[in-house]
Amino acid sequence: MAKFINEPSHTFNEYLLIPGYSSAECVPANVSLKTPLVKFKKGEKPAIEMNIPMVSAIMQSVSGDRLAVALATEGGVSFIYGSQSIESQAAMVKRAKSHKAGFVKSDSNVRPDTTLAEVVALKEKTGHSTIAVTEDGTADGKLLGVVTGRDYRVSRMSLDTKVKEFMTPFEKLVWAKEGTTLKEANDIIWDHKLNSLPIVSEDQKLCYFVFRKDYDTHKQNPNELLDSSKRYVVGAGINTRDYAERVPALVEAGVDVVCIDSSEGFSEWQKRTIAWIREKYGDTVKVGAGNVVDADGFRFLADCGADFIKVGIGGGSICITRETKGIGRGQATALIEVCAERDRYFEETGVYIPVCSDGGIVYDHHITLSLAMGADFVMLGRYFARFDESPSNKVAIGGTYYKEYWGEGSARARNWQRYDLGGDKKLSFEEGVDSYVPYAGPLKDNVALTLAKVKSTMCNCGALSIPELQEKAVLTLVSATSIVEGGAHDVIQKDKTNPIK
């Protein structure tokens, strides 16, 4: 006969935080949301520490290279989806890593005989207005000139016009030699009032561009999450099938951390994957594992050597694992139990393994609840899928804009690699749905609003950091009636002017 747990498992919506004493220092501007991404020993600092407790889900409709850049700009980490070819995923990682190196590899390049029509099409495709003209049209060919929006007017020029006729030729360019430091490059940009500066080798081969906007962006985004070379920190998803080929390619592309993407992590498959990474790379490659929902699952992955552990099965908005397979656990209950085991493990070993709460986040305040319950950071899918930077299409339905959003367990994703039960290379049945989510605009504005709410609630609890919140927080279970009472009730609400949150 099965073992029974008689207490029901709970979700975030069944809890509230009891306000605590707030000193005069408890204002949102003083709150730090720094949090460890990977494990560390007592008394030491983690190899990777995030500035905000948010990572994006390993999903086709969520985490591409654009979102990786946008989220790292705000201080979090995106895990670029792994349900694609090894080459394309590595290319995404490489693009995100090089985007903010200060020295940017050109991804918009043409030959002198390219037409204006092709230039316009390239600009629409990449969104970049600075285009290098090289002898062979490659990113590292001999630089012959540069084309920007100031060099042509579509309304007054034939689309058949060749680039060589309207480009700014190399002789008229301000450029710098390979080996110029970033500070020196920025000084040249400011002294000559440039928008971009080509960095060129001795034989006139294009090496990089340095952009004025990157300098401005850095000043406007103090929470940027950068590595030791001033590049964005980028994560990537892997699976337990082709890790021996995928991980080396991702490492070569510059990935900072990988995470095993699996529907359920308490398995020998994950143990084998982590063991292979440790044997080949030691501790230099950071790897997250999961997902688990109890203390035994956490302890197993901790002993396997995971750098962080994800909690949650079946709680995602597009996940139907609980419906189709009958496995899972209420996210709040699972998180509380795993975090308690994490603390016991830390006391026993002196090694702190961060916990990621993955799934079940419906409202912004659920993030604060998950942090109070012990999570070090949260992984979000639906939340990030709504933004401009996610890879999915924006569509208009009934006069309202939506973004497409589908689960990795859906037939559309065909991500059979994350279901570690052996067998054929196909999905036997679906564990995710295909859906739409309300379009919400740029990531930056939405993340700022969400974190403002998190910081405000932390101040209500008298906490200025995540560890202090976990120490001081008092949580209470609420009844179904209390949940109703918590929203607007017994009134007729006026129409909201901005219905999409």
Side-chain angles (χ1 to χ4, degrees), residues 54-74 76 78-81 83-84 88 92 95-96 99 107-108 117-129 149 154-155 159 315-320 323 359-364 366-367 379-415 430-453 487-488 492-501:
M54 301 170 78
V55 302
S56 68
I58 309 167
M59 301 176 69
Q60 295 174 10
S61 56
V62 178
S63 298
D65 50 301
R66 280 189 68 208
L67 194 118
V69 168
L71 185 51
T73 300
E74 300 308 310
S78 183
F79 285 88
I80 291 175
Y81 69 93
S83 49
Q84 59 179 316
S88 61
M92 280 191 176
R95 285 198 297 271
H99 185 91
D107 69 349
S108 299
E118 291 172 290
V119 168
V120 173
L122 181 61
K123 181 181 176 182
E124 288 180 359
K125 179 182 177 182
T126 65
H128 299 157
S129 58
V154 175
S155 61
L159 291 176
S317 60
I318 39 67
C319 184
I320 54 172
E323 292 180 35
I361 302 289
V362 180
Y363 304 108
D364 289 339
H366 289 173
I367 296 175
M379 178 171 275
L380 302 160
R382 180 195 62 86
Y383 178 89
F384 287 117
R386 303 173 300 147
F387 303 149
D388 287 323
E389 296 84 356
S390 74
S392 65
N393 294 321
K394 183 171 74 170
V395 296
I397 303 174
T400 301
Y401 281 112
Y402 296 86
K403 291 275 280 187
E404 293 179 314
Y405 179 47
W406 60 94
E408 288 299 291
S410 67
R412 179 172 182 172
R414 297 191 298 275
N415 187 7
E430 291 184 83
E431 292 188 42
V433 300
D434 204 333
S435 65
Y436 300 101
V437 289
Y439 167 67
L443 177 146
K444 183 180 181 66
D445 297 342
N446 287 276
V447 167
L449 177 60
T450 294
L451 296 180
K453 295 178 185 178
I492 299 174
Q493 292 191 70
K494 294 180 180 179
D495 291 337
K496 295 180 179 179
T497 57
N498 183 20
I500 299 177
K501 68 172 187 176

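Numbers here simply count residues along the sequence, with the first being 1. Side chains are part of it too, since the values below use all heavy atoms of this structure and drop only hydrogens, waters and symmetry mates.
Shown here are the side chain to side chain donor-acceptor pair (under 3.5 Å) partners of T450, two or more places apart in sequence or in another chain: D364, Y383. The salt bridge (charged side-chain N to carboxylate O under 4.0 Å, His left out) search around E74 returns K444, not counting sequence neighbours. Listed by chain and residue number, L116, A117, V154 satisfy the side-chain contact (heavy atoms from CB on, under 4.5 Å) test with L159 (two or more places apart in sequence, or in another chain). With sequence neighbours excluded, the residues satisfying side chain to side chain donor-acceptor pair (under 3.5 Å) with D107 are H128. Contacts of A68 classified as side-chain contact (heavy atoms from CB on, under 4.5 Å), with partners at least two apart in sequence or in another chain: S78, I80, A96, V234. Looking at residues two or more places apart in sequence or on another chain, you find a side-chain contact (heavy atoms from CB on, under 4.5 Å) between S88 and Q84, S85. For the side-chain contact (heavy atoms from CB on, under 4.5 Å) test, no residue two or more places apart in sequence or in another chain qualifies with I492. Applying the ring pair (Phe, Tyr, Trp, His ring centres under 6.0 Å) criterion to Y81, with sequence neighbours excluded, gives no partner residue.
The two residues A385 and V62 have their closest heavy-atom pair at CB-CG2, 4.0 Å. The two atoms that bring G64 and M92 nearest to each other are CA-SD, 4.0 Å, heavy atoms only. Heavy atoms only, all atoms of each residue included: V447 and F384 are closest at CG2-CE2, 4.2 Å. Between V437 and R382 the shortest heavy-atom distance is CG1-CG, 3.6 Å. When every heavy atom of D445 is checked against every heavy atom of P442, the shortest pair comes out as OD2-CG, 3.3 Å.
The CG atom of N393 sits 13.0 Å away from atom OH of Y439, with the distance rounded to the nearest 0.5 Å. Between atom CD1 of residue I361 and atom NE2 of residue H366 there is a gap of 7.0 Å, rounded to the nearest 0.5 Å. The CD1 atom of I367 sits 5.0 Å away from the CG atom of L380 when rounded to the nearest 0.5 Å. Separating the CE atom in M59 from the CZ atom in F79 is a distance of 15.0 Å, to the nearest 0.5 Å. Note that the CD1 atom of I58 and the CE atom of M379 stand 4.5 Å from one another [nearest 0.5 Å]. If you take OG on S392 and OH on Y402, they are separated by 14.0 Å, rounding to the nearest 0.5 Å.
Annotation: side chain of E124 is in contact with side chain of V120 (closest heavy-atom distance under 4.5 Å).
With hydrogens and angles disregarded, no donor-acceptor distance shorter than 3.5 Å links the side chain of S56 to the backbone of S63.
Results of the side-chain hydrogen bond (donor to acceptor under 3.5 Å, both in side chains) test with S390 over Q60, R66, K403 single out K403 as the only residue that passes.
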